[in-house]
J.: 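Let me give you the structure first, and then I'll get to my questions.
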Amino acid sequence: LARRCHHRAMDLLDVPFLSFCAFLGTLGLLCVAMVGTWCQHWRGGFSLDGSSRTFNWHPVLMVTGLVVLYGAAALVYRVPNTWSGPKLPWKLLHGSLALGAFILTVLGLAAVFSFHNSQGTPNMYSLHSWMGLGTVLLFSCQWAAGFGAFLLPWAPAWLRVIYKPVHVFFGSTILMLSVASCVSGINEKLFFSLKNETTAYKLLPAEAVFANTLGLLILLFGVLVVGALARPSWKRPDSNCPDSRQVWDTLDG
């Protein structure tokens, strides 16, 4: 009976990959739209004058780059079309999406540092800032190492095979750190902004409800991406991997 219930539960969870991607893409766009709406409607909009409106670029760019675009890059090799044929176009797509995410992330950091410096606010004193900067530094190392191992033609095949599981592990780790950084940043911003002169955070005004919901959706997005990366049936078969065949041919030869 327990085994039968288990199989029924697995059948319910057996969602087609493309349908899952459509849902995940909608969720990611919703997160971007909500963080933009939050900053525009409640936080005064956007500008480049060093005011709080300059800061508002920070959460938008971080959620868009470090979470949504990075999550899309992580799932490129789960698309069934990548399981056969040449890998180079998919490598370039994966690397380009990750590079785009990195560029948006750097611009997001520039926005918050510009705001702090113009307002005389100290930098890098909160747990959120430590976690966020650490995530960006790890992300930059991950991209550089992946570029050297998988895109440069002179990288040896044995190095690619050894580094691949490390690359996959840190990919998921960076995504969850990104989610944690964004959620903690939302919470920190609400604590700083919703004080007694407005409506206190503890009274849960509409802005707090909206931003808390945004944080939960970002968390859901990250969990779903990591779940997709861990699902065995959505992994690229190792037997179709040219890098693996090269290594085994070398060892057998």
Side-chain angles (χ1 to χ4, degrees), residues 28-71 97-144 174-219 221-222:
L29 291 175
L30 179 61
C31 290
V32 174
M34 286 185 66
V35 69
T37 301
W38 176 35
C39 293
Q40 179 66 44
H41 181 71
W42 279 287
R43 296 290 100 217
F46 304 91
S47 77
L48 298 175
D49 59 2
S51 67
S52 61
R53 292 184 299 168
T54 299
F55 171 86
N56 288 341
W57 286 108
H58 175 67
V60 172
L61 292 171
M62 289 304 191
V63 171
T64 304
L66 206 54
V67 177
V68 177
L69 202 57
Y70 185 86
L97 288 172
L99 180 60
F102 181 72
I103 291 173
L104 292 181
T105 299
V106 171
L107 292 175
L109 287 179
V112 70
F113 280 119
S114 174
F115 166 70
H116 282 175
N117 292 338
S118 65
Q119 301 296 317
T121 303
N123 293 304
M124 303 305 300
Y125 65 89
S126 66
L127 176 60
H128 163 69
S129 62
W130 292 5
M131 186 186 306
L133 186 59
T135 302
V136 175
L137 292 175
L138 188 59
F139 182 12
S140 62
C141 293
Q142 168 88 339
W143 193 91
I174 291 168
L175 178 61
M176 294 315 297
L177 287 173
S178 302
V179 169
S181 298
C182 289
V183 170
S184 64
I186 291 171
N187 193 241
E188 182 179 283
K189 182 62 176 177
L190 291 174
F191 272 118
F192 285 156
S193 301
L194 299 182
K195 298 179 180 179
N196 293 327
E197 57 267 22
T198 57
T199 301
Y201 188 17
K202 64 183 179 181
L203 298 179
L204 203 63
E207 180 181 356
V209 174
F210 188 89
N212 286 350
T213 303
L214 168 62
L216 290 177
L217 292 179
I218 292 172
L219 179 60
F221 181 89

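We're numbering straight along the sequence, starting at 1.
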J.: Please identify each residue that fulfils ring-ring contact (aromatic ring centres under 6.0 Å, His included) with Phe102, with sequence neighbours left out.
T.: Phe139
J.: Considering residues at least two apart in sequence or located in another chain, which fulfil the side chain to side chain donor-acceptor pair (under 3.5 Å) criterion with Asn117?
T.: Asn123
J.: Which pair of heavy atoms, one from Val67 and one from Cys182, lies closest together, and at what distance?
T.: CG2-SG, 3.7 Å
J.: Residues two or more places apart in sequence or in another chain: which of them pass side chain to side chain contact (heavy atoms under 4.5 Å, CB included) with Phe191?
T.: Asn187, Tyr201
J.: Kindly write out the residues that satisfy side chain to side chain donor-acceptor pair (under 3.5 Å) with Trp38, not counting sequence neighbours, or none if the list is empty.
T.: Glu207
J.: Using the side chain to side chain contact (heavy atoms under 4.5 Å, CB included) criterion, which residues pair with Ile103? Sequence neighbours excluded.
T.: Leu99, Leu107
J.: How would you list, by chain and number, every residue that makes a side chain to side chain contact (heavy atoms under 4.5 Å, CB included) with Thr135, sequence neighbours excluded?
T.: Leu66, Met131, Ile174, Leu177, Ser178, Ser181
J.: Report yes if the side chains of Val35 and Ile186 come closer than 4.5 Å at any heavy-atom pair, otherwise no.
T.: no
J.: List for me each residue that meets side chain to side chain donor-acceptor pair (under 3.5 Å) alongside Glu188, sequence neighbours excluded, and say none if there are none.
T.: Ser126
J.: Side-chain contact, heavy-atom cut-off 4.5 Å: Pro59 with Lys189?
T.: no
J.: Can you list the residues that meet the side chain to side chain donor-acceptor pair (under 3.5 Å) rule with Ser51, with sequence neighbours excluded?
T.: Asp49
J.: Who are the ring-ring contact (aromatic ring centres under 6.0 Å, His included) partners of His128, not counting sequence neighbours?
T.: none
J.: Apply side chain to side chain contact (heavy atoms under 4.5 Å, CB included) to Val112 and list each qualifying residue two or more places apart in sequence or on a separate chain.
T.: Phe55, His58, His116
J.: I need the Met34 CE to Thr213 OG1 distance, nearest 0.5 Å.
T.: 5.5 Å
J.: Roughly how far apart are Leu109 CG and Leu104 CG, rounded to 0.5 Å?
T.: 11.5 Å
J.: Taking all non-hydrogen atoms of both residues into account, name the closest pair between Leu214 and Cys31 and its distance.
T.: CD1-O, 3.5 Å
J.: Identify the heavy atoms of Val60 and Gly36 that sit nearest to each other, and give their distance.
T.: CG2-CA, 4.0 Å
J.: Could you pull out all residues at least two apart from Phe113 that satisfy ring-ring contact (aromatic ring centres under 6.0 Å, His included)?
T.: none
J.: What pair of heavy atoms forms the shortest contact from Trp57 to Ala111, and how long is it?
T.: CB-CB, 3.9 Å
J.: Between Pro205 and Ala200, which heavy-atom pair has the shortest distance, and what is it?
T.: CD-O, 3.4 Å
J.: Between Lys202 and Leu194, is the side chain to side chain contact (heavy atoms under 4.5 Å, CB included) condition met? List the steps.
T.: CA-CA 9 Å; Lys202 64 183 179 181; Leu194 299 182; over 6 Å; no
J.: Quick check: do Asn212 and Leu190 have side-chain heavy atoms less than 4.5 Å from each other?
T.: yes
J.: For Thr54 and Ser114, work out which heavy atoms get closest and say how close.
T.: CG2-OG, 4.3 Å
J.: Decide yes or no for Thr105 and Tyr70: does some side-chain heavy atom of the first lie under 4.5 Å from some side-chain heavy atom of the second?
T.: no
J.: For Phe46, is there any backbone N or O sitting under 3.5 Å from a side-chain donor or acceptor partner on Asn56?
T.: no
